[in-house]
4 protein chains.
Amino acid sequence: MNDQPRLEDRITQAAERLFAQEGFAATGMRAIAQLAKVSIGAIYHHFSGKEEILEQIVREEIERRQEFLEGLRQRGLPLKDQIERLVKMHFDLLQERGDVARLFFRERFDPSPSLRVKIQDLYGNVAGYVAEIIKQGITAGEIRPCSPLLTAYEMLGMVEAVSLRALGEDETAVQFRNEGPQELATSLWLWLHIDRGGEKAHA
Amino acid sequence: MNDQPRLEDRITQAAERLFAQEGFAATGMRAIAQLAKVSIGAIYHHFSGKEEILEQIVREEIERRQEFLEGLRQRGLPLKDQIERLVKMHFDLLQERGDVARLFFRERFDPSPSLRVKIQDLYGNVAGYVAEIIKQGITAGEIRPCSPLLTAYEMLGMVEAVSLRALGEDETAVQFRNEGPQELATSLWLWLHIDRGGEKAHA
Amino acid sequence: MNDQPRLEDRITQAAERLFAQEGFAATGMRAIAQLAKVSIGAIYHHFSGKEEILEQIVREEIERRQEFLEGLRQRGLPLKDQIERLVKMHFDLLQERGDVARLFFRERFDPSPSLRVKIQDLYGNVAGYVAEIIKQGITAGEIRPCSPLLTAYEMLGMVEAVSLRALGEDETAVQFRNEGPQELATSLWLWLHIDRGGEKAHA
Amino acid sequence: MNDQPRLEDRITQAAERLFAQEGFAATGMRAIAQLAKVSIGAIYHHFSGKEEILEQIVREEIERRQEFLEGLRQRGLPLKDQIERLVKMHFDLLQERGDVARLFFRERFDPSPSLRVKIQDLYGNVAGYVAEIIKQGITAGEIRPCSPLLTAYEMLGMVEAVSLRALGEDETAVQFRNEGPQELATSLWLWLHIDRGGEKAHA
DNA sequence: AATGAATGAGGGTTCATTCAT
DNA sequence: AATGAATGAACCCTCATTCAT
């Protein structure tokens, strides 16, 4: 029975998949128990209820992204590269963990406050980090003056909209998947940075 | 008995509010009936089921936006003004019809295909229209060459991200509500248009 | 709109078909209204409810059979022929009006007393008539002494069991349909009549 | 809590009674739960739905009768005794398990195929067994040549018709209950067997 | 720690019937 | 006579959760 990771992880992994595929509301505890090969009772030994499972998933995802962002920050890369990587992170996460990404997009507007707040925390967290980058860019004279946080939301919104549209299998999705990351990175840089020393911004 | 709008409208209005506040899945027919002051049976007399109520809400919203977009197109405004108005439309819709907006943002990623498809249709519809504007701008030499559809999604994503963050009552939300529309319009124009005749784009 | 028989008949005909095909409980008033091309309200103008429609169907069927039995009685046929015709009547009714026959077999045991009583009346009526024939046969010395009513039920049971098994489309049903009437008539006569004057009963 | 039989049996017993008294379609799960003194949920814990309860009832009844028939066959009784006991079995089952008998008679013609097929299986099973007895009787020269299956249906039909009429409390029912079994056994034997060696069949 | 039988409120939907028109 | 919108109780079933084992 221990041929798998810890029982708690089996539960969150099963739940993650089902929440994303079927929806949080539509996923039953029985389904989670079945997929995790665990008894229903066992779930309630580790979690106080369905919502707590989701909370744990969110918490783990927050940590995962924070680690990524922290790593990015510490590398001291040029601004342009940092932006490029941020964009890439979104696309990669959507490919590797598309289920959970979709789950987040959906539950971000969940009516249950406790849940929504946690997911929006994650979002605010990422936005805050991006805003920080922008602020530094402004200070360094690389980015045109603007409201860092507002601009961060704009950036994230752009990336998300394209990423999400890239999820399907239709022609547009495929195109977006192929061209999206590069196009986004170029667009963003073009939009943010200050054209110095006569270089043509739109060259 | 006719001191209220048509029964069908009372139902959709009640459903709209509840779907947005509680979620589509979490909203019961009984709750809709109660809020609409209608018997459950009456709902089924006008709609084949819960999903059809949502369909109607979506359909109406599509029509509402299409009318707006059509009106915008026919006015023959300068490109910059069109974009400004598009942005404003989003913000206004979020204030006047915040419920339905939230509903759409949430259910856009619902796993139930019938639901998702309907809402994504609305989104694709708007995106298509924006892409059309962009294409015309490119032809007219006012907008830098780019993939119109991808850029449309970027635009909509930017506006949405800011609009959504502007929904709450915290300090940031208030700020976004005040500065957002103008900032977005400026940003977008700055980002899209071609700097001609020696004007400084970032002046 | 009067391109059909009386509205009342349209209703009973539609109901008859649906009751037989779908079951009494499973048939909705809306379905009857639809098939009869009549409004629901109109049905309630002519019948007090669903049960009364069934009652009317039963009543009509009772009359139909009573007419047949009355006609048979008045013809003064030899006993053997009367039995032959009784058997044939069952088979014919099952072919021509199989729906309603099945309906009767089913609802004969319906829990609703008012309904059951009516259908059992029909059955008792037919049994009484058959018992009468048997009694006359005994008096005439053509039929062996026996309890006429009990024997009548035995006879009807035999015929019914074979008729019902003959309803399907499987091999056995087809065989029963082909051989049943003759075999039943022969069997019955063999079973009932007194072997007089040295004729071989089992010849 | 275990002062009663197994919960599953309580459910089938309650359902059996209600199905018979009220009809399968007219019996609600709530009523079953109430009579069985069980929660609705518990029913669904043991059965996949209402139909499965019926299935189980049918299955048990099939087994009960098969055991009886198997026991009868293995006793190696004279043919006449076997028939006598078959008839008696029907009457006894109608007294001891009148509910389920009525249930079967009614639902045998239910339009829902899944239901009908299950019950007709039971019937075909019994008929097949009776046909087997008849076939052996023919081979042994004790029964006149005939189509065994058709004759089996005739036999069962006779017995059933009398049994059913014997169910009520009116005068005829009482009479049938008293005289029926003997009269049926005598009739059947008279009808089936070959008069050998000059005995008078109708003596 | 782990099980899974049991709970019963609530899910969406259908129904026979009523009644204003 | 005829309509069909409206009613709300009842339908079968699923749910998250509890608890004796």
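Note that these values count all heavy atoms, side chains included, but never hydrogens, waters or copies made by symmetry. Here is how names work: the chains are called A, B, and so on, in the same order as the sequence lines, proteins then strands, and each is numbered from 1.
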Atom-pair distance ([atom1] on [X]; [atom2] on [N]), nearest Å:
| X | N | atom1 | atom2 | value |
| --- | --- | --- | --- | --- |
| R30(C) | dA5(F) | CZ | P | 11 Å |
| L18(A) | dC15(F) | CG | C1' | 15 Å |
| E52(B) | dT13(E) | CD | P | 10 Å |
| F47(A) | dT17(F) | CZ | C1' | 16 Å |
| I11(D) | dA5(E) | CD1 | P | 12 Å |
| Q34(D) | dG8(E) | CD | P | 12 Å |
| Y44(A) | dT7(E) | OH | P | 17 Å |
| E8(A) | dA1(E) | CD | C1' | 13 Å |

(message) Reading DNA chain E from 5' onward, which residue's closest nucleotide shows up sooner: I40(D) or G28(C)?
(response) I40(D)
(request) Tell me which of G41(D) and K50(B) sits closer to the 5' end of DNA chain E, going by the nucleotide each one is nearest to. (result) G41(D)
Out of curiosity, [X] [atom1] to [Y] [atom2], how far, rounded to the nearest 0.5 Å?
| X | Y | atom1 | atom2 | value |
| --- | --- | --- | --- | --- |
| L18(C) | Q34(C) | CG | CD | 10.0 Å |
| E63(D) | N125(D) | CD | CG | 11.0 Å |
| L164(C) | Q120(D) | CG | CD | 8.5 Å |

(request) Give a yes/no on whether any side-chain N or O of H45(D) is located under 4.0 angstrom from OP1 or OP2 of dA6(E). (result) no
(message) OP1 or OP2 of dA2(F) versus the side-chain N and O atoms of H46(C): is any pair under 4.0 Å?
(response) yes
(request) Would you check if there is a donor-acceptor pair between the side chains of E52(D) and S48(D) at a distance under 3.5 Å? (result) yes
(message) Using a 4.0 Å heavy-atom cut-off, does T27(D) contact any base of the nucleic acid, only the sugar-phosphate backbone, or nothing at all?
(response) sugar-phosphate
(request) Check every strand shown and say whether M29(D) touches a base, only sugar-phosphate, or nothing at a heavy-atom separation below 4.0 Å. (result) sugar-phosphate
(request) Starting at the 5' end of DNA chain E, write a dot or bracket for each base, bracketing those in Watson-Crick or G-U wobble pairs whose two distances are under 3.5 Å and using | for partners on another strand. (result) .||||||||||||||||||||
(request) May I ask you to check whether over 12 heavy atoms, not counting those of Q66(D), lie within 6.0 Å of atom CD? (result) yes
(message) Quick one: does any side-chain atom of K37(A) pair with a main-chain N or O of R10(A) as donor and acceptor, under 3.5 Å?
(response) no
(request) Check whether any side-chain N or O of T27(A) sits under 3.5 Å from a backbone N or O of E22(A) as a donor-acceptor pair, and report yes or no. (result) no
